[in-house]
Amino acid sequence: MNECRISKYNDKFRINGIYTKDEWTGIDDIGKKYDNIIFTYDEYHKVESSYLNVIKNVFNTVEAKYLQIQGLEDYKHVCKYIDKQIVELNDIINISQDCLREKYWCRLESDKMFIHFGYDFYLYIGSDLTYNKMKKIVFDQGLYIEKRKSPYKVNENF
């Protein structure tokens with residue numbers, strides 16, 4: 001499986017692998033100032049939608065039928081799903097949005113692909129898509145991609 005890390009972070013602001021620009025990293029940053037501009041819900045929603053579109057496009061391109069919830073962590077008791085539950089695309093998008101919004105955390109996995117949610121709005125996706133195909137899907141949404149293995153892998157089969 002080919003793995004990559006997807007983010008909103010432009011590589012031109014990385015020095016020796018460290019991101020140097022002061023940017024928002026989650027939904028809780030709405031209302032704070034970055035580069036003297038107040039970060040708004042509209043800007044958050046635009047970026048979040050790009051992430052969700054990447055997930056949807058990869059899911060459809062690899063012709064996955066479902067993913068399974070793994071390692072669910074729901075400390076706020078807000079998740080309507082359960083660990084090991086099989087979910088289809090509409091639920092995958094809802095779960096992904098909730099994980100991006102830090103309501104709870106889980107991995108979504110199948111033999112076709114995986115989706116792992118990282119800190120600071122990083123997203124890890126593994127699939128049999130080539131890096132160039134993933135790059136096109138990601139760039140079409142205005143996001144950035146790096147060849148990176150997920151640090152959240154538990155099972156080497158994913």
Side-chain angles (χ1 to χ4, degrees), residues 1-62 67 69-81 87 89-109 113-127 129-154 158:
M1 214 175 259
N2 299 313
E3 300 180 38
C4 60
R5 180 171 78 172
I6 297 160
S7 73
K8 65 184 191 67
Y9 303 110
N10 189 330
D11 287 340
K12 74 180 182 180
F13 297 111
R14 285 191 198 280
I15 299 173
N16 297 322
I18 297 170
Y19 196 75
T20 58
K21 187 175 179 192
D22 185 28
E23 278 193 43
W24 65 271
T25 59
I27 196 165
D28 291 338
D29 291 335
I30 292 172
K32 296 178 183 174
K33 277 189 177 181
Y34 297 92
D35 286 336
N36 289 322
I37 299 169
I38 294 178
F39 175 53
T40 65
Y41 176 80
D42 288 342
E43 180 61 25
Y44 173 86
H45 188 261
K46 177 181 159 192
V47 173
E48 179 186 75
S49 294
S50 295
Y51 277 66
L52 298 176
N53 286 334
V54 165
I55 291 167
K56 189 183 314 178
N57 291 340
V58 172
F59 184 86
N60 288 329
T61 302
V62 301
L67 296 175
I69 297 170
Q70 297 287 337
L72 179 65
E73 296 177 11
D74 181 22
Y75 302 114
K76 298 175 185 175
H77 307 289
V78 296
C79 183
K80 67 179 184 178
Y81 305 95
V87 289
L89 185 57
N90 285 341
D91 289 320
I92 290 164
I93 296 304
N94 291 334
I95 292 165
S96 297
Q97 183 178 53
D98 286 349
C99 287
L100 289 170
R101 292 180 178 192
E102 300 174 346
K103 291 182 178 183
Y104 51 87
W105 183 89
C106 68
R107 300 181 317 275
L108 298 168
E109 301 175 335
M113 69 178 290
F114 70 72
I115 303 167
H116 296 166
F117 304 92
Y119 293 103
D120 296 338
F121 236 73
Y122 283 106
L123 177 68
Y124 297 86
I125 295 182
S127 75
L129 296 180
T130 66
Y131 182 73
N132 285 338
K133 181 65 177 171
M134 279 295 299
K135 192 174 180 180
K136 178 168 179 12
I137 290 170
V138 171
F139 282 2
D140 283 351
Q141 293 300 317
L143 299 174
Y144 301 92
I145 186 171
E146 306 164 84
K147 288 182 183 179
R148 281 272 177 101
K149 294 206 174 279
S150 170
Y152 303 101
K153 281 181 24 181
V154 174
F158 296 112

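Treat the numbers as computed from the prediction; the structure is a model and nothing was measured.
At least one cation-pi condition fails for Lys32 and Phe39: the charged atom is not both under 6.0 angstrom from the six-membered ring centre and inside a 45 degree cone around its axis. Taking the ring centre of Trp24 as origin, the terminal cationic atom of Lys33 falls outside the region bounded by 6.0 Å and 45° from the ring axis.
Donor-acceptor pairing under 3.5 Å is lacking for the side chains of Asn2 and Tyr131.
Rounding to the nearest 0.5 angstrom, the gap separating the CD1 atom in Ile125 from the CZ atom in Arg5 is 13.5 Å. Atom-to-atom distance recorded for Leu67:CG and Arg107:CZ is 12.5 Å, nearest 0.5 angstrom. Interatomic distance, Lys8 NZ to Lys46 NZ, rounded to the nearest 0.5 Å: 11.5 Å. The line from OG1 of Thr61 to CD1 of Ile137 is 4.0 Å long, rounded to the nearest 0.5 Å.
Not counting sequence neighbours, the partners of Tyr19 by the side-chain hydrogen bond (donor to acceptor under 3.5 Å, both in side chains) test are Glu23. Contacts of Tyr51 classified as ring pair (Phe, Tyr, Trp, His ring centres under 6.0 Å), with partners at least two apart in sequence or in another chain: Phe121. For the ring pair (Phe, Tyr, Trp, His ring centres under 6.0 Å) test, no residue two or more places apart in sequence or in another chain qualifies with Tyr81.
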Would Asn10 and Tyr144 count as a side chain to side chain donor-acceptor pair (under 3.5 Å) if you check the C-alpha gap in whole Å, the side-chain angles of each, and the deciding distance to 0.1 Å? CA-CA 6 Å; Asn10 189 330; Tyr144 301 92; 3.1 Å; yes
Given the rule in the ring-ring contact (aromatic ring centres under 6.0 Å, His included) test, do Tyr119 and Trp105 qualify, once you have shown the distances and angles that lead to the verdict? CA-CA 10 Å; Tyr119 293 103; Trp105 183 89; 8.6 Å; no
Trace of the salt bridge (Lys or Arg N to Asp or Glu O under 4.0 Å) decision for Lys103 with Asp74: CA-CA 8 Å; Lys103 291 182 178 183; Asp74 181 22; over 6 Å; no
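More than 12 heavy atoms of other shown residues, nucleotides or ligands fall within 6.0 angstrom of atom CG in Asp11. Within 6.0 Å of NZ in Lys21 there are more than 12 heavy atoms belonging to other residues, nucleotides or ligands.
Between Tyr122 and Tyr9, the angle of the ring planes lies from 30° to 60°, which puts this pair in the tilted group.
When all heavy atoms of Ile95 and Tyr104 are compared, the closest pair comes out as CA-OH, 3.6 Å.
Inter-residue side-chain proximity for Ile30 and Thr40 is flagged as unmet; no heavy-atom pair is nearer than 4.5 Å.
In this structure, His116 has its ring center under 6.0 Å from that of Phe114.
The only member of Arg148, Lys153, Lys147 that meets salt bridge (Lys or Arg N to Asp or Glu O under 4.0 Å) when paired with Glu3 is Lys153.
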